[in-house]
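First up is the structure itself, then whatever we jot down about it.
Heavy atoms only: backbone and side chains are in, while hydrogens, waters and symmetry mates are out.
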Amino acid sequence: MKEYYQLNNGVTIPAIGFGTFKAADGEEAYQATLAALKAGYRHIDTAAVYGNEESVGRAIKDSGLPREDIFVTTKLWNDAHSYEGAKAALAASLERLQLDYVDLYLIHWPNPKAIRDRWQEGNAQAWRYMEEALEIGLVRSIGVSNFLVHHLEALSQTAKISPAVNQIRLAPGCYQEEVVDYCRQHQIVIEAWGPLGQGDIFQNETMKALAAKYGKTVAQVALAWSLYEGFLPLPKSVHEERIIANLDFADIKLSEEDAETIKHLAGAAPVPDPDTKDF
Ligand code: NAD
């Protein structure tokens, strides 16, 4: 099982990351992040809009691990799609995280509602600052999230540096074929958000049967599948025993047939459409 991926700029990234969406700022996000680092995760995914950067940053500091051993991602939210907006947003994230740099900075959403008539320009301008931030060492790599092919194509019109990562919803039964193919062709590492179906997969009978077959948990099978596909999953939990158990899937050798079954699992939630979503 792969432990790292290499980004298109040579930076290595741990092949599994710890998700923190909906981990409440304060004790919950702090304890969960601390537990993840203790359990062996070396890659933490947060975002300005999660409102928990301060707690995540405190856990990183209190873990006692050397900064360079931890890969930290945060994201630019929908109120910052401009050059100055991106500059201020990154500075504020670094301040909250109490870090001098992040390893990966992502444009969280390609088409914010407020700039729906000019999202291409918004992304281009934010990206221009992100390229500068890379040059001056505030970030080690830059990427995007929830971008579909037309958003990636639009960005490529002005970008000097291509995105290293696209973080999209990918889970059993939720497979965004077109954008996955595009990213594979363009050396963009594909991160899987919601790799446990945001909780949906645990009651699924097919997933339960596969878990029984492999003698593992549903979460472990889903994560093994994500790696099998070459994705980089970001599972989230705030419970220490699950945080630990979710990492224990390296011994699963999925058959091609079972991987196909998981890919086409019925009943997965639809992918939110970034061009029409109400934020
Ligand atoms: P997920 O698929 O990781 O599911 C998380 C839920 O699964 C948890 O709330 C928990 O209830 C449950 N769970 C976890 N482990 C379990 C276990 N072993 N047994 C039973 N239940 C278990 O969903 P997510 O948190 O939405 O996504 C993962 C991460 O991806 C986020 O935390 C965040 O970092 C990132 N994310 C990014 C975006 C984006 O737009 N870029 C959107 C959503 C999430």
Side-chain angles (χ1 to χ4, degrees), residues 1-17 19 21 43 45 47 71 73-76 81 102-112 119-120 122-124 126-127 130-131 134 139-198 222-235 254 256 259-260 262-265 268-275 277:
M1 189 91 44
K2 252 193 165 353
E3 283 191 34
Y4 295 91
Y5 291 114
Q6 190 162 36
L7 301 178
N8 57 17
N9 59 1
V11 168
T12 49
I13 181 169
I16 179 163
F21 179 43
H43 171 178
D45 184 80
F71 192 100
T73 300
T74 194
K75 317 187 190 84
L76 171 137
H81 284 56
V102 284
D103 298 277
L104 177 62
Y105 195 48
L106 303 177
I107 298 183
H108 204 145
W109 197 257
N111 191 347
W119 57 267
Q120 296 90 336
N123 288 334
W127 195 256
M130 288 162 70
E131 290 175 333
L134 192 64
V139 300
R140 290 178 70 226
S141 42
I142 53 178
V144 296
S145 179
N146 299 297
F147 274 48
L148 302 177
V149 170
H150 62 283
H151 305 120
L152 290 163
E153 281 287 312
L155 185 64
S156 73
Q157 301 297 307
T158 51
K160 290 195 221 109
I161 296 169
S162 359
V165 161
N166 189 12
Q167 182 181 122
I168 58 175
R169 183 181 166 101
L170 291 164
C174 174
Y175 197 101
Q176 303 193 54
E177 197 110 35
E178 199 188 350
V179 64
V180 163
D181 286 349
Y182 183 95
C183 290
R184 284 182 177 149
Q185 281 157 21
H186 290 79
Q187 285 75 53
I188 299 171
V189 166
I190 305 163
E191 292 189 350
W193 70 250
L196 310 175
Q198 302 195 290
L223 295 172
W225 173 78
S226 203
L227 269 287
Y228 173 97
E229 286 289 347
F231 304 150
L232 189 161
L234 305 165
L254 278 185
E256 215 178 308
E260 271 303 293
I262 296 172
K263 180 175 173 179
H264 298 290
L265 198 77
V271 178
D273 178 356
D275 293 321
K277 197 84 184 156

Point to revise | Heavy-atom donor-acceptor pair, Trp127 side chain to Ser156 backbone, under 3.5 Å | key: no
**Study point:** Least distance between heavy atoms, Ala222 atom then Pro195 atom
**Key:** CB-O, 3.8 Å
Check your understanding: Is there side-chain contact between Leu170 and Val271, with heavy atoms separated by less than 4.5 Å?
Key -> no
**Study point:** Asp275 and Trp119 side chains, donor-acceptor separation under 3.5 Å
**Key:** no
Point to revise | Sub-6.0 Å ring centroid separation between Tyr175 and Phe231 | key: yes
Check your understanding: Taking the side chain from Asn9 and the backbone from Arg140, do they hold a donor-acceptor pair closer than 3.5 Å?
Key -> yes
Point to revise | Separation between CD1 of Ile142 and CG of Leu7, rounded to the nearest 0.5 Å | key: 11.5 Å
Revision key, fill the gap. dist Leu152:CG -> Cys183:SG (nearest 0.5 Å) comes out at 5.5 Å
Revision key, fill the gap. Here the gap from Tyr105 atom OH to Leu134 atom CG, rounded to the nearest 0.5 Å, amounts to 13.0 Å
Review point. Is the backbone of His81 close enough, under 3.5 Å, to the side chain of Asn123 for a donor and an acceptor to pair up by distance?
Key: no
Review point. So, Asp103 side chain and Ser141 main chain: donor-acceptor pair closer than 3.5 Å or not?
Key: no
Point to revise | Gln176 vs Leu148, side chain to side chain contact (heavy atoms under 4.5 Å, CB included): CA-CA, chis, key distance, verdict | key: CA-CA 9 Å; Gln176 303 193 54; Leu148 302 177; 3.7 Å; yes
Practice item. Kindly give the heavy-atom pair with the smallest separation between Gln167 and Trp193, and that separation in Å. Key: O-CD1, 3.7 Å
Review point. What distance separates Leu234 CG from Ile16 CD1, expressed to the nearest 0.5 Å?
Key: 8.5 Å
Review point. Between Glu256 and Tyr228, is any pair of side-chain heavy atoms under 4.5 Å apart?
Key: yes
Check your understanding: Ignoring hydrogens and geometry, is there a side-chain-to-backbone donor-acceptor pair from His43 to Pro14 under 3.5 Å?
Key -> yes
Practice item. Would you mind listing every salt bridge (charged side-chain N to carboxylate O under 4.0 Å, His left out) that reaches into residues 147-176, with sequence neighbours excluded? Key: none
Point to revise | Atom of Pro163, atom of Asn8 and distance for their closest heavy-atom approach | key: O-ND2, 3.0 Å
Review point. More than 12 heavy atoms of other residues, nucleotides or ligands under 6.0 Å from CD of Glu131: is that the case?
Key: yes
Check your understanding: Looking at side-chain heavy atoms only, is the closest gap between Pro110 and Leu155 below 4.5 Å?
Key -> no
Check your understanding: Taking all atoms of both residues into account, what is the closest heavy-atom pair of Gly17 and Pro235, and its distance?
Key -> O-CD, 3.0 Å
Point to revise | Least distance between heavy atoms, Ala224 atom then Leu254 atom | key: C-CD1, 4.1 Å
Practice item. Could you name each residue pair satisfying salt bridge (charged side-chain N to carboxylate O under 4.0 Å, His left out) that touches residues 170-187, not counting sequence neighbours? Key: Glu177-Lys263, Arg184-Glu229
Point to revise | Worked check of side chain to side chain contact (heavy atoms under 4.5 Å, CB included) between Asn166 and Ile190 | key: CA-CA 5 Å; Asn166 189 12; Ile190 305 163; 5.8 Å; no
Study note, to complete from the structure: What one should report as the nearest heavy-atom pair of Pro172 and Leu265 is CB-CD2, 3.7 Å
Point to revise | Spatial distance of atom OG (Ser145) from atom CD1 (Ile168) [nearest 0.5 Å] | key: 8.5 Å
Exercise for review: Kindly indicate whether the side chain of Ile107, heavy atoms from C-beta on, has any atom under 4.5 Å from the side chain of His151.
Suggested key: no
Practice item. Please indicate whether Tyr5 has more than 12 foreign heavy atoms, meaning atoms of other residues, nucleotides or ligands, lying under 6.0 Å from its OH. Key: yes
Exercise for review: In sequence, state the C-alpha distance, the side-chain angles, and the governing distance for Val165 and Leu232, and then conclude on side chain to side chain contact (heavy atoms under 4.5 Å, CB included).
Suggested key: CA-CA 10 Å; Val165 161; Leu232 189 161; over 6 Å; no
